[in-house]
Amino acid sequence: MTDSSIKLGIVGVGKIVRDQHLPAISKNPNLELVATASRNGSVEGVPAYLSIEEMVAATPELEAVALCMPPQYRYDIAQIALQNGLHTLLEKPPGATVSEVEHLKQLADVNNLSLFATWHSRHGAAVQEAKQRLSSRQWQSVSVNWKENVRKWHPGQDWIWEAGGLGVFDPGINGLSILTEILPAPAYVRSSKLTFPENKAAPIAAHLEFLTAGGVPIKLDFDWRQEGDEQWSIAVKTDEGHALLKNGGADFVLDGQELEIEEQNEYESIYDKFVDLIELGQSDVDLTPLKLVADSFMLGDRRIVEAFYD
Ligand code: NAP
């Protein structure tokens with residue numbers, strides 16, 4: 001950390017902040033965590049406030065914020081951040097709706113601030129290698145499988161089952177963020193089958209079919225009821241052979257051979273990029289994954305299944 005380091009605040013100190021943001025920020029010499037705003041959470045040794053308004057009023061040196069609360073509660077807080085001159089990092093998904101994030105982008109532009117809508121899975125170690133290796137091939141079909149046990153990853157997180165919480169699309173959108181990064185052409189939703197527990201407002205499973213502008217069919221299966229081996233993979237059949245991007249973008253198998261990939265921490269990479277964006281006076285707001293989720297809900301053929309309890 002140096003005197004010229006960017007003075008950062010965090011809003012919404014919860015699971016992802018403790019697991020990923022705090023270790024990544026502490027390793028970045030260009031960032032200094034100077035305050036948090038959270039109703040219940042705090043970080044040892046860092047001044048803690050209950051709301052963003054209190055944090056802003058008490059911390060005149062604040063330059064940037066990372067907003068890490070669930071997506072349904074991010075828009076109002078992001079507006080306050082941008083209206084107070086703060087560069088703003090949004091956890092994924094960047095908001096509960098496409099239009100609210102578009103508004104945030106306008107607000108950032110008008111105020112000459114950097115807005116970074118992060119997609120952590122795009123920073124997976126093997127994603128850029130896969131993109132580059134597959135860019136010269138003819139894609140024939142794609143199969144995306146994002147299957148995990150919700151009881152293991154999201155115990156007690158009521159917001160994820162509520163409207164705007166996205167349900168199984170909360171992890172599924174990570175797969176979409178990688179897919180849309182490596183795809184050689186834009187994709188659109190052709191059909192969507194969504195499975196809702198009778199006591200929840202968000203789906204527990206989704207079966208989707210996309211097509212690219214070039215006619216490549218894409219099948220996607222998202223499921224939160226996985227009991228055995230979990231799967232976060234994208235399989236691509238090409239004219240020259242098969243590719244498998246697995247473990248959420250960390251590993252890559254090309255034509256049956258596992259490539260050696262240099263390790264990369266997703267959140268360290270995110271914060272490096274946030275610093276770069278601020279220094280360059282730029283924003284990075286790609287809403288493509290969120291639009292595909294919105295379209296999947298619009299076209300969604302809904303099936304109701306038995307109630308789900310944690
Ligand atoms: P979380 O722990 O359930 O929530 C984070 C914090 O947000 C909470 O500790 C809470 O802090 C605040 N919050 C909760 N409800 C709120 C409300 N109604 N209004 C304002 N603040 C509220 O969630 P998380 O797992 O960290 O996930 C947060 C975001 O990170 C989500 O968008 C998620 O998709 C993304 N993410 C999560 C993971 C993961 O593994 N968990 C991985 C990658 C990305 P206070 O009560 O102290 O205010």
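Residue numbers run from 1 in the order of the sequence given. Just follow the structure's listing: the first ligand is 1, and inside any ligand the first atom is 1.
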Do Glu181 and Gln128 have side-chain N/O donor and acceptor atoms under 3.5 Å apart?
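Yes, side-chain donor-acceptor contact under 3.5 Å.
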Answer with yes or no whether the side chains of Gln20 and His120 bring together a donor and an acceptor at under 3.5 Å.
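Note: His120 and Gln20 side chains miss the donor-acceptor criterion.
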Heavy-atom contacts under 4.0 Å between [X] and ligand 1: side chain, backbone, both, or neither?
| X | answer |
| --- | --- |
| Trp159 | side chain |
| Val13 | backbone |
| Met69 | both |
| Tyr267 | side chain |
| Arg74 | side chain |

Looking only at the aromatic ring of each residue, does the gap between the centers of Tyr271 and His21 stay below 6.0 angstrom?
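Aromatic pair counts; centres sit under 6.0 Å.
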When the ring centroid of Trp159 is compared with that of Tyr73, is the distance short of 6.0 Å?
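For Trp159 and Tyr73, the ring centres are not under 6.0 Å apart.
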Is the shortest side-chain heavy-atom distance between Phe308 and Trp224 below 4.5 Å?
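SC-SC contact between Phe308 and Trp224 ruled out.
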Closer than 4.0 Å to some heavy atom of Ser38 - which atoms of ligand 1 meet that?
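Those atoms are 11 (O), 45 (P), 47 (O), 48 (O).
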Could you list the atoms of ligand 1 found under 4.0 angstrom from a heavy atom of Pro71?
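Result: 32 (O).
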Which protein heavy atom lies closest to [atom], and at what distance to 0.1 Å?
| atom | value |
| --- | --- |
| atom 46 (O) of ligand 1 | Asn40 ND2, 2.7 Å |
| atom 42 (C) of ligand 1 | Ile16 CD1, 3.2 Å |
| atom 34 (O) of ligand 1 | Asp170 OD1, 2.6 Å |
| atom 17 (C) of ligand 1 | Tyr73 CD1, 3.2 Å |

Between the candidates [options], which shows the shortest non-hydrogen contact distance to [atom]?
| atom | options | value |
| --- | --- | --- |
| atom 29 (C) of ligand 1 | Cys68, Gly41, Gly12 | Cys68 |
| atom 4 (O) of ligand 1 | Pro70, Ser42, Ala37 | Pro70 |
| atom 32 (O) of ligand 1 | Glu91, Gln72, Lys92 | Lys92 |
| atom 23 (O) of ligand 1 | Gln20, His120, Gln157 | Gln157 |
| atom 13 (N) of ligand 1 | His21, Lys15, Arg39 | Arg39 |

Residue pair Ile160 / Ala202: nearest heavy atoms and the distance that separates them
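Ile160 and Ala202 have their closest heavy atoms at O-CB, 3.7 Å.
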Counting only heavy atoms from other residues, nucleotides and ligands, does the tally under 6.0 Å from CD of Glu61 exceed 12?
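Check passes, neighbour count above 12.
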More than 12 heavy atoms of other groups within 6.0 Å of Arg190 CZ
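Open.
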Taking a hydrophobic cluster as the set of Ile, Leu, Val, Met, Phe, Trp and Tyr residues connected by side-chain heavy atoms closer than 4.5 Å, whether directly or through intermediates, do Phe274 and Leu113 fall within one such cluster?
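Different clusters: Phe274 never reaches Leu113 through Ile, Leu, Val, Met, Phe, Trp or Tyr contacts under 4.5 Å.
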Are the side chain of Glu54 and the backbone N or O of Ala37 linked by a donor-acceptor pair below 3.5 Å?
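It does not hold such a pair.
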Tell me whether Asn28 contacts the main-chain N or O of Glu268 through its side chain, where contact means a donor paired with an acceptor under 3.5 Å.
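No: the side chain of Asn28 does not pair with the backbone of Glu268.
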Is ligand 1 less than 4.0 angstrom away from at least one heavy atom of Trp119?
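Per 4.0 Å heavy-atom rule, Trp119 does not contact ligand 1.
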